[in-house]
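Predicted, not measured: the structure shown is a model, and the values here were computed from it.
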Protein chains: 2
Amino acid sequence: MSRKTGVLELAVLGLLHESPLHGYELRKRLSAVFGPVKRISYGSLYPCLKDLVATGLIAEDAAASVSGVGKRGRTVYKLTAEGKERLQDQLGEHGPSAWEDESFGVRMAFFAQTDADVRLKILEGRRSRLEERREKVSSAMSRTREKLDRYTLELQQHGLESVEREVRWLNELIATERSPAGGPGRGAVTARPRSAKSPG
Amino acid sequence: MSRKTGVLELAVLGLLHESPLHGYELRKRLSAVFGPVKRISYGSLYPCLKDLVATGLIAEDAAASVSGVGKRGRTVYKLTAEGKERLQDQLGEHGPSAWEDESFGVRMAFFAQTDADVRLKILEGRRSRLEERREKVSSAMSRTREKLDRYTLELQQHGLESVEREVRWLNELIATERSPAGGPGRGAVTARPRSAKSPG
DNA sequence: GTTAGCATGTAAGGAGTTACATGATTTT
DNA sequence: AAAATCATGTAACTCCTTACATGCTAAC
């Protein structure tokens, strides 16, 4: 019946909190939130919006919608009071559900609307989740190292290094969160040296 | 009706080509193939095996199966002749379906059973797929740079760097594939210097 | 003797996709 | 005037997960 998804719902609520939007535009913004992989389709977005209306978390913004007679026009949605409440609840979550693979990206995309202490807990939870994974993969690799062909090994090695890289990234983010932010209040991303691009 | 999936089917056929296995063991090996994320559950594996038997691509290996009276025992499966044929067909595929996100990992996991020219085409296809993505992301970023908060920016930056890293990895793999492999025939993975770990 | 791991399977449902169906508006 | 992009929606289908149901075997 209802699409009580979680991530998509959260992303929609988060975006609508920034400003009222219609479905088509929402989808474009969602592409940015979810990244280039995992872009959502209208076949899931529109039903989701329908459900959110049905549960009273969002409502049509009549003023912003365009609907001439006979025209199909566009329907602009905005958060209701209950929607705002729900969003705050969701953004306050700092347990495992906030740092698993499916949800971490979305949660971080709305960190600007999230309390500093919750941000820190999520980043730390994510980090320890990845450290666990790193241990499992690397111990599995040392157990089976000799029996694997080079391609499987390359694949696992690359996977392991990706995890290690994400841990280092989280370390930097956590350090930045913890530091008293001596610099300017609103910040450009801390400049990290980007290694020179190899020309080809 | 039938699970004509692709990736799971392919992974099962590929593993059974190496040796006959029963479901439980198969699942453990699949976890290695698919990596720590995306582990498959019995709820998809057993129905998949059932379908593969129904389509005649695999069959019970009566000799290897264990089934005392009243016992539930285990059922060992092996490839049939048609299964081997199907596997060869699939491993010969070198179009886009072989290098998309969902399938590339599995395809590479069975590179040891894949022709050298097909391997090269897949690696190159994957690389150009990622290069496209890199262009899209980086141009989207330069368009919207100023309007994004630091967290969204960090997220996108990290995503971009991940793509760039995978491209560099593919470059190395492609170079290795192309080189006449002057070294020893069976190979340890080419030693790449691993940068010193930061202590914390 | 009880916990952990081995071993197989089904039913219900969740989360999404593709393909279809429709039409307006803007750009080339 | 054709092509691209804006804009909304549904129906059928796919792939997978969770929870359930069952029972053996090894280790502690």
Side-chain angles (χ1 to χ4, degrees), chain A residues 1-12 20-31 33-35 37-55 58 60-61 64-77 96-97 100-103 105-106, chain B residues 1-12 20-31 33-35 37-54 58 60-61 64-77 96-97 100-103 106:
Chain A
M1 189 208 285
S2 61
R3 250 153 254 264
K4 51 189 72 168
T5 304
V7 284
L8 181 52
E9 177 187 301
L10 174 58
V12 168
L21 294 168
H22 60 273
Y24 192 86
E25 179 64 26
L26 212 31
R27 183 178 177 256
K28 286 199 296 190
R29 312 269 180 121
L30 286 167
S31 298
V33 169
F34 286 113
V37 314
K38 190 86 180 182
R39 65 179 338 146
I40 62 113
S41 62
Y42 297 121
S44 49
L45 176 57
Y46 286 116
C48 173
L49 290 171
K50 207 180 177 186
D51 287 349
L52 285 170
V53 169
T55 28
I58 68 175
E60 192 180 333
D61 185 347
S65 296
V66 174
S67 59
V69 225
K71 289 194 186 189
R72 213 197 254 250
R74 55 194 173 179
T75 310
V76 175
Y77 297 98
S97 66
E100 291 302 322
D101 294 317
E102 327 81 51
S103 41
V106 180
Chain B
M1 190 207 284
S2 60
R3 247 153 257 263
K4 51 189 72 170
T5 304
V7 283
L8 181 52
E9 177 187 302
L10 174 58
V12 168
L21 293 168
H22 59 273
Y24 191 86
E25 180 64 27
L26 213 31
R27 184 180 176 253
K28 285 198 296 188
R29 311 268 180 121
L30 286 167
S31 299
V33 169
F34 287 112
V37 315
K38 190 85 178 183
R39 66 180 335 148
I40 62 113
S41 63
Y42 297 121
S44 49
L45 176 57
Y46 285 116
C48 172
L49 289 172
K50 207 181 176 184
D51 287 348
L52 286 171
V53 170
I58 68 175
E60 192 181 334
D61 184 348
S65 297
V66 174
S67 59
V69 226
K71 289 194 185 187
R72 214 198 253 249
R74 55 194 173 179
T75 310
V76 176
Y77 297 99
S97 64
E100 291 301 322
D101 294 318
E102 327 81 51
S103 40
V106 180

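Nucleotide dC6(C) holds its C1' atom 5 Å from the OH atom of Tyr24(B), rounded to whole Å. Summarising the geometry, the separation between CG on Leu26(B) and P on dG9(C) is reported as 12 Å, rounded to the nearest angstrom. A straight line from CG of Asp51(A) to P of dG9(D) spans 13 Å, rounded to a whole angstrom. If you take NE2 of His22(A) and P of dA24(C), they are 17 Å apart, rounded to a whole angstrom. Nucleotide dT17(C) holds its C1' atom 11 Å from the CD1 atom of Ile40(A), rounded to whole Å. Atom CD of Glu102(B) and atom C1' of dT14(D) are 13 Å apart (whole Å). Atom CD of Glu60(B) is separated from atom C1' of dA7(C) by 14 Å (rounded to the nearest Å). Regarding Glu100(B), its CD atom lies at a distance of 15 Å from the C1' atom of dT17(C), rounded to whole Å.
Within the 4.0 Å cut-off from OP1 or OP2 of dT10(C), at least one side-chain nitrogen or oxygen of Lys50(B) is found. Applying the 4.0 Å criterion to OP1 and OP2 of dT17(D), one finds that Ser44(B) has a side-chain N or O inside that range. Proximity of Tyr42(B) to the phosphate of dG9(C): no side-chain N or O atom is located under 4.0 Å from OP1 or OP2. The phosphate of dG16(C) has neither OP1 nor OP2 within less than 4.0 Å of any side-chain N or O from Ser41(A).
Here the straight-line distance linking atom OH of Tyr24(B) with atom NZ of Lys28(B) works out to 6.0 Å at 0.5 Å rounding. Here the straight-line distance linking atom CG of Leu45(A) with atom CZ of Arg27(A) works out to 8.5 Å at 0.5 Å rounding.
Take Asp61(A) and apply the salt bridge (Lys or Arg N to Asp or Glu O under 4.0 Å) test, not counting sequence neighbours, and it matches no residue. Residues that satisfy the ring-ring contact (aromatic ring centres under 6.0 Å, His included) test with Phe34(B), not counting sequence neighbours, are absent from this structure.
Among the protein residues, Tyr77(B) comes within range of the sugar-phosphate backbone only, with heavy atoms under 4.0 Å from sugar or phosphate atoms but none that close to a base. Residue Arg27(A) is out of contact with every strand shown, counting any heavy-atom pair closer than 4.0 Å.
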Is there a side chain to side chain contact (heavy atoms under 4.5 Å, CB included) between Val12(A) and Leu21(A) once you walk through the steps?
-> CA-CA 10 Å; Val12(A) 168; Leu21(A) 294 168; over 6 Å; no
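With a 4.5 Å cut-off on side-chain heavy atoms, Tyr77(A) and Leu49(A) count as touching.
Side-chain N or O atoms of Ser31(A) include none that pairs as donor or acceptor with a backbone N or O of Arg39(A) at under 3.5 Å.
From one end of the helix from dG1(C)-dC28(D) to dT28(C)-dA1(D) to the other, with five pairs defining each end axis, the axis direction shifts by 50° (rounded to 10°).
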